[in-house]
Amino acid sequence: MAGEDRSRASGAGSGPSSTGSSAMVRARARLDQPKDTRLRLLPEYDPEAFGRLSERIARFLGTGRFIVWMTLIIIVWVLWNIFAPVKLRFDEYPFIFLTLMLSLQASYAAPLILLAQNRQDDRDRVTHEQDRKQNERSIADTEYLTREIASLRMGLGEVATRDWIRSELEDLVKDMDERRLQFSAESDEDR
C-alpha cells in the first residue's frame with residue numbers, strides 16, 4: 001500500500017509511464033504536497049503587477065507633464081554643462097552622456113508603451129466580444145418580439161373589433177328600421 005502511494009506520488013504506474021516511454025512523460029504535480037524549490041536563473045515577477053506598472057508609466061509618458069519635465073531636465077542639463085565651472089561639468093559639449101540617457105529612456109519607454117497597448121488591446125478584444133454577444137442576444141430578442149407581434153396582428157385580424165361590431169350593429173338597426181317602415185307601410189295599405 002505504501003509502495004503504491006509512492007509510485008502515484010512520483011507519477012509512475014499510471015498513464016504513458018507504464019508503457020515504457022519515459023522521455024515523453026511528465027510527473028503530475030501533487031496539490032497536497034509542497035512544491036519543489038528549484039534554482040531559477042531569472043527573477044520571478046507577477047506579470048499582472050508588471051503590466052499595471054507599465055500602463056501607469058505609459059500613461060505618464062503620454063502626458064504634457066512628462067514633456068515639460070523632460071524639457072526642463074534637458075535644459076538644466078545643457079545649461080549646467082555649458083555654464084558650470086569646468087570641474088563640475090560631467091558632460092561636455094557634444095553631450096554624449098545626455099544622448100545616452102535619452103536613448104536609454106527611449107529603449108525602456110517603447111517596450112513599456114507596447115506592453116500597455118497590448119494589454120489595452122486584450123481588454124478591448126474582450127469588451128468587443130462581450131458587446132458582440134450582447135448584440136446577438138438583442139437581435140434574437142428583437143426578432144422574437146417581431147414574430148410575436150406579427151402573430152398577434154394576424155390573430156387580431158380574425159377577432160371582432162369594437163368598430164366592426166359597431167358597424168354591424170348599425171347595419172342591423174338600419175335593416176330593422178327599413179323592415180319596420182316596410183311593415184308599417186304594408187299595414188297602412190291593408191287598412
Side-chain angles (χ1 to χ4, degrees), residues 1-140:
M1 190 75 143
E4 289 176 19
D5 288 338
R6 274 190 231 118
S7 67
R8 267 192 238 128
S10 66
S14 64
S17 63
S18 61
T19 62
S21 61
S22 62
M24 304 284 279
V25 176
R26 287 189 335 187
R28 283 188 175 174
R30 295 277 312 249
L31 298 177
D32 61 342
Q33 295 178 353
K35 198 173 182 182
D36 292 337
T37 57
R38 290 184 254 167
L39 179 62
R40 299 195 188 266
L41 297 175
L42 298 175
E44 291 188 34
Y45 67 95
D46 180 16
E48 189 64 28
F50 188 75
R52 285 192 304 267
L53 176 66
S54 70
E55 287 176 342
R56 289 178 59 201
I57 292 170
R59 270 192 219 104
F60 176 69
L61 291 176
T63 62
R65 183 186 308 173
F66 171 75
I67 293 172
V68 169
W69 277 108
M70 185 70 127
T71 305
L72 288 176
I73 289 170
I74 291 171
I75 290 171
V76 168
W77 186 297
V78 170
L79 291 176
W80 179 268
N81 286 297
I82 291 175
F83 298 114
V86 177
K87 290 184 178 182
L88 295 176
R89 293 181 192 172
F90 56 90
D91 192 15
E92 292 295 325
Y93 165 64
F95 306 118
I96 294 172
F97 189 53
L98 176 63
T99 304
L100 176 68
M101 294 305 292
L102 290 174
S103 297
L104 182 67
Q105 182 267 333
S107 69
Y108 275 98
L112 288 174
I113 290 170
L114 288 174
L115 178 62
Q117 286 176 341
N118 289 341
R119 288 172 53 88
Q120 185 62 42
D121 287 344
D122 291 342
R123 281 193 296 271
D124 290 345
R125 191 175 303 111
V126 168
T127 303
H128 177 69
E129 182 65 24
Q130 290 173 346
D131 289 347
R132 188 184 63 76
K133 287 180 181 177
Q134 180 63 37
N135 288 341
E136 287 176 357
R137 285 192 297 267
S138 296
I139 289 170

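The model shown is predicted, which means the values in this text are computed figures rather than measured ones. Both backbone and side-chain heavy atoms feed into the values below; hydrogens, waters and symmetry mates do not.
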Legend entry - From CG (N118) to CZ (R125), nearest 0.5 Å: 8.5 Å
Inset, instruction - With sequence neighbours excluded, give me every side-chain hydrogen bond (donor to acceptor under 3.5 Å, both in side chains) pair touching residues 80-100. - result: W77-D91
Legend entry - Salt-bridge criterion met for E129 and R132 (N-O under 4.0 Å): yes
Inset, instruction - Nearest 0.5 Å please: distance from the CD1 atom of I74 over to the CE atom of M101. - result: 11.0 Å
Legend entry - Contact summary for L115 and G51, nearest pair of heavy atoms: CD2-CA, 4.3 Å
Inset, instruction - Measure the CH2-CZ distance between W69 and R65 for me, rounded to the nearest 0.5 Å. - result: 9.5 Å
Inset, instruction - To the nearest 0.5 Å, tell me how far D124 CG sits from Q120 CD. - result: 4.5 Å
Legend entry - Rounded distance (nearest 0.5 Å) linking atom CG of D122 with atom CD of Q117: 12.0 Å
Legend entry - side-chain hydrogen bond (donor to acceptor under 3.5 Å, both in side chains) partners of residues 102-112, not counting sequence neighbours, each pair once: none
Inset, instruction - Dump the intermediate steps for side-chain contact (heavy atoms from CB on, under 4.5 Å) on I57 and F66, then the final yes or no. - result: CA-CA 10 Å; I57 292 170; F66 171 75; over 6 Å; no
Inset, instruction - Return each pair, listed once, that meets ring pair (Phe, Tyr, Trp, His ring centres under 6.0 Å) where at least one residue sits in residues 30-53; pairs must be two or more places apart or across chains. - result: Y45-F50
Inset, instruction - Output the distance between atom CZ (F95) and atom CG (L100), rounded to the nearest 0.5 Å. - result: 15.0 Å
Inset, instruction - For residues P111 and A106, report the shortest heavy-atom separation together with the two atoms involved. - result: CD-O, 4.4 Å
